[in-house]
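One-based numbering along the sequence shown.
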Amino acid sequence: MFFMCTYKQQLMPMRFLSSAKIVYIRITIDNIRRRLGKTNSKKVFFVLQCTRLSLYLHNERADFRRISQPYIERKDAKMKYPIGIQSFDQIIEDGYVYVDKTDMIYDLTHEGKIYFLSRPRRFGKSLLVSTLKNYYLGRKDLFKGLAIDGMEKEWNVYPVFHVDFNGSDFTQAGVLEKRINGYVSDWEKEYGVVSDGNTLDLGGRFIKILEAAHAKTGRRAVVLIDEYDKPILDVLDMSRELEDRHRNVLKAFYSVFKGADAHLQFVLLTGVTKFSQVSVFSGFNQPKDISMDARYETLCGITQDELERYFAEPVELMAKDYKCSTDEMKQRLRRQYDGYHFSKRMTGVYNPFSLLNALDSLSVDDYWFRSGTPTYLIRLLAHFNENMNELTGKYYAMEEFIDYKADVERPLPMIYQSGYLTIKDYNMRHNTFLLDFPNDEVKKGFLTMIASSYLQPRERLNGWIFDVIDAMEAGEADSLRTLFTSFLSSIPYTMRRKDNEAERERYFQYTFYLIMRLISVYTVYTEKVQSQGRVDCVVETPQYVYIFEFKLDGTADEALSQIEDKGYAREYSADARRVFKIGASFSSETGTISDWKVQD
């Protein structure tokens, strides 16, 4: 049943009967224009299927491309968010919102053969694998109206082998072998292969299965491996013996991709970390790493354009709840969840897990970080000799943060690939990338975790931060000394005791870095580089500006003199806000504030 109208029509009311219910649908020109954005398309087509109305945009590449989820105005209609749902077929069949990535999936499947994709946890990797699985199973009905519907003409059915390492605890010896053996045994039964476990290892048995599948179906096999690195990450820095054992088991299993190359149509491995050197990849032809390929930078996650195209209504509802404009609400969501970049093109990507949770609950909270911090990362950070202020805000060559080398004690690749740092700028001339926190959710959660571990204060960190922010917003500059002194005094002596002057200076710098970066989540904060030098810290609130200069074992007067001599406050001379200049001295002996002065 087809309805057609041009976008010039102001209103198209329709009434129809479905499941013994009358559903009223109204689509206005404003909604159409907002979803279409800039387009030269002359017509918009509406396709009615059961109770679902989908909006399609006609373009040259695809006959019909869905550009929005159903917009149905009725009392019981509510957008369904696929939170925790990783099954593409369930999302489509049960009417959950699906952000169409199938044009990129079509390109991926037609331009190469063996791929590797690294993305942080809860970033949509499993949904991508499920989408590919259904595509290669030829389930055309699930893709109706999506971009790939007008691109794929054949819809061939391939034998698909899906390995998912989620859901198992690999900290116990033998679990990995049992998991892989279970997959292989089931496949042997499915394709009538007689098990030869006495003479062949798991990889050898898998090759026999791929050969049989090719012969039986007449088509080469598709292999999809989700979270390929979990068996290693579960035991990383915990059991070197088990880590090596798992690496060797996986290396042997993945080696089939070289031995069975003639029987493979497509292979994708997803995971968090790309291991190098003694690698699971070394046993077969190197896969094409698309983790930083500009063509696929938005294959997982949600872009700003997709947010505005698919989720305009919930953003408007959130704006009403937060008593702000829609644009202000978008900015708040952007600061909290956006900021990931996965290529030189620098297209911003939202964390999909946090964004969908926020839109569903109409509340801006820390969903991703609250869902769990990888235990392997906590174990690794516990004994690395690098502080976060020595890692963030710097430019790196790609090889410095892309490959994790098990025998090199550098945390940067693991922190980046786990999603706690991302690309913030690209220097084309030097081919280097600036790394920093992607957004406020990650910055606050990660620095709170680090500060609690590094400083181990007896005072509750979040409560103290809110007290500092309240004082700043009230213009109570003098009370800040009491707050800083009480917090620093709560840090155990054993944590701040350093044996030499260089380490005391390093501890001092890192302590204030953690404190001020945490405060920056809630305020407008800049580490200002000015013409006369770099000011330690500037905190801006709607009514006040605070300029801090800290000295180790110096005096507050020396700190204030530097603010004056360097002219740090000069750029605020025409600012209507009240400016506080704060000089503070930190005592390496007592571990707290020894001198504090305020000028305004």
Please round to the nearest 0.5 Å and tell me the distance separating atom [atom1] of [X] and atom [atom2] of [Y].
X    : Y    : atom1 : atom2 : result
K424 : L434 : NZ    : CG    : 9.0 Å
L127 : Y98  : CG    : OH    : 6.0 Å
D229 : T273 : CG    : OG1   : 5.0 Å
Y81  : L359 : OH    : CG    : 5.0 Å
D100 : I148 : CG    : CD1   : 9.0 Å
N351 : R122 : CG    : CZ    : 10.0 Å

Evaluation steps, side-chain contact (heavy atoms from CB on, under 4.5 Å), between E188 and S195 | CA-CA 7 Å; E188 286 173 334; S195 178; 3.3 Å; yes
Within a strict 4.5 Å, meaning less than it, do heavy atoms of the [X] and [Y] side chains meet?
X    : Y    : value
T171 : M238 : yes
F487 : L461 : yes
V272 : M414 : no
L250 : F165 : yes
K216 : P159 : no
Y296 : D107 : yes
I207 : L200 : no
L435 : L391 : no

Locate the shortest heavy-atom distance separating [X] from [Y]; write the atom from each residue and the value.
X    : Y    : result
A252 : D201 : CB-OD2, 4.5 Å
T432 : A397 : CG2-N, 4.1 Å
P120 : G419 : CG-CA, 3.5 Å
N427 : H430 : OD1-N, 3.0 Å
L333 : Y350 : O-CE2, 3.5 Å
R220 : L264 : CD-O, 3.4 Å

Of [options], which meets side chain to side chain contact (heavy atoms under 4.5 Å, CB included) against [X]?
X    : options                : result
I423 : M398, M346, K344       : M346
T102 : L146, L132, L108, D149 : L146
V129 : L269, V163, L224       : L224

Ring centers of [X], [Y] separated by less than 6.0 Å:
X    : Y    : answer
W368 : F123 : no
F88  : F143 : yes
F116 : Y228 : yes

For the side chain of [X] and the backbone of [Y], is there at least one donor-acceptor N/O pair under 3.5 Å apart?
X    : Y    : answer
S452 : M449 : no
K274 : S118 : no
K113 : D261 : yes
S130 : S126 : no
S343 : R345 : yes
K125 : E227 : no

Q: Check whether more than 12 heavy atoms from other residues, nucleotides or ligands sit under 6.0 Å from atom NZ of K80, and answer yes or no.
A: yes
Practice task
Please indicate whether Q90 has more than 12 foreign heavy atoms, meaning atoms of other residues, nucleotides or ligands, lying under 6.0 Å from its CD.
Solution key: yes
In terms of ring plane angle, is the pair [X] and [Y] parallel, tilted or perpendicular, where the classes change at 30° and 60°?
X    : Y    : answer
F437 : F446 : tilted
H263 : H214 : perpendicular
Y337 : Y367 : tilted
H110 : Y135 : tilted
F161 : Y191 : tilted

Looking just at side-chain N and O atoms, do [X] and [Y] make a donor-acceptor pair shorter than 3.5 Å?
X    : Y    : result
Q336 : D365 : no
N439 : Y340 : no
T270 : D226 : yes
Q265 : Y136 : no

Tell me whether K288 forms a cation-pi arrangement with Y115, defined as NZ or CZ under 6.0 Å from the six-membered ring centre and within 45 degrees of its axis.
no
### Query
With a 4.0 Å cut-off, would you call D141 and K144 a salt bridge?
no
Do R139 and D89 meet the salt-bridge criterion of a basic N to acidic O distance under 4.0 Å? yes
- Message: Please evaluate residues S291 and D289 with respect to the criterion side chain to side chain donor-acceptor pair (under 3.5 Å), reporting the C-alpha separation (whole Å), side-chain torsions for both, the decisive distance (0.1 Å), and the verdict.
- Response: CA-CA 6 Å; S291 304; D289 185 355; 2.6 Å; yes
side-chain hydrogen bond (donor to acceptor under 3.5 Å, both in side chains) filter on T217, not counting sequence neighbours, yields none
(Q) Between Y420 and M388, is the side-chain contact (heavy atoms from CB on, under 4.5 Å) condition met? List the steps. (A) CA-CA 11 Å; Y420 298 98; M388 287 305 298; over 6 Å; no
So the salt bridge (charged side-chain N to carboxylate O under 4.0 Å, His left out) pairs with at least one residue in residues 158-186 (sequence neighbours excluded) are E177-R245
Across all chains, not counting sequence neighbours, the salt bridge (charged side-chain N to carboxylate O under 4.0 Å, His left out) partners of R295 are E111, D293
side-chain contact (heavy atoms from CB on, under 4.5 Å) between L117 and C300, intermediate numbers included: CA-CA 10 Å; L117 175 66; C300 296; 4.0 Å; yes
(Q) Walk me through whether T109 and E152 qualify under side-chain contact (heavy atoms from CB on, under 4.5 Å). (A) CA-CA 11 Å; T109 56; E152 180 60 66; 5.8 Å; no
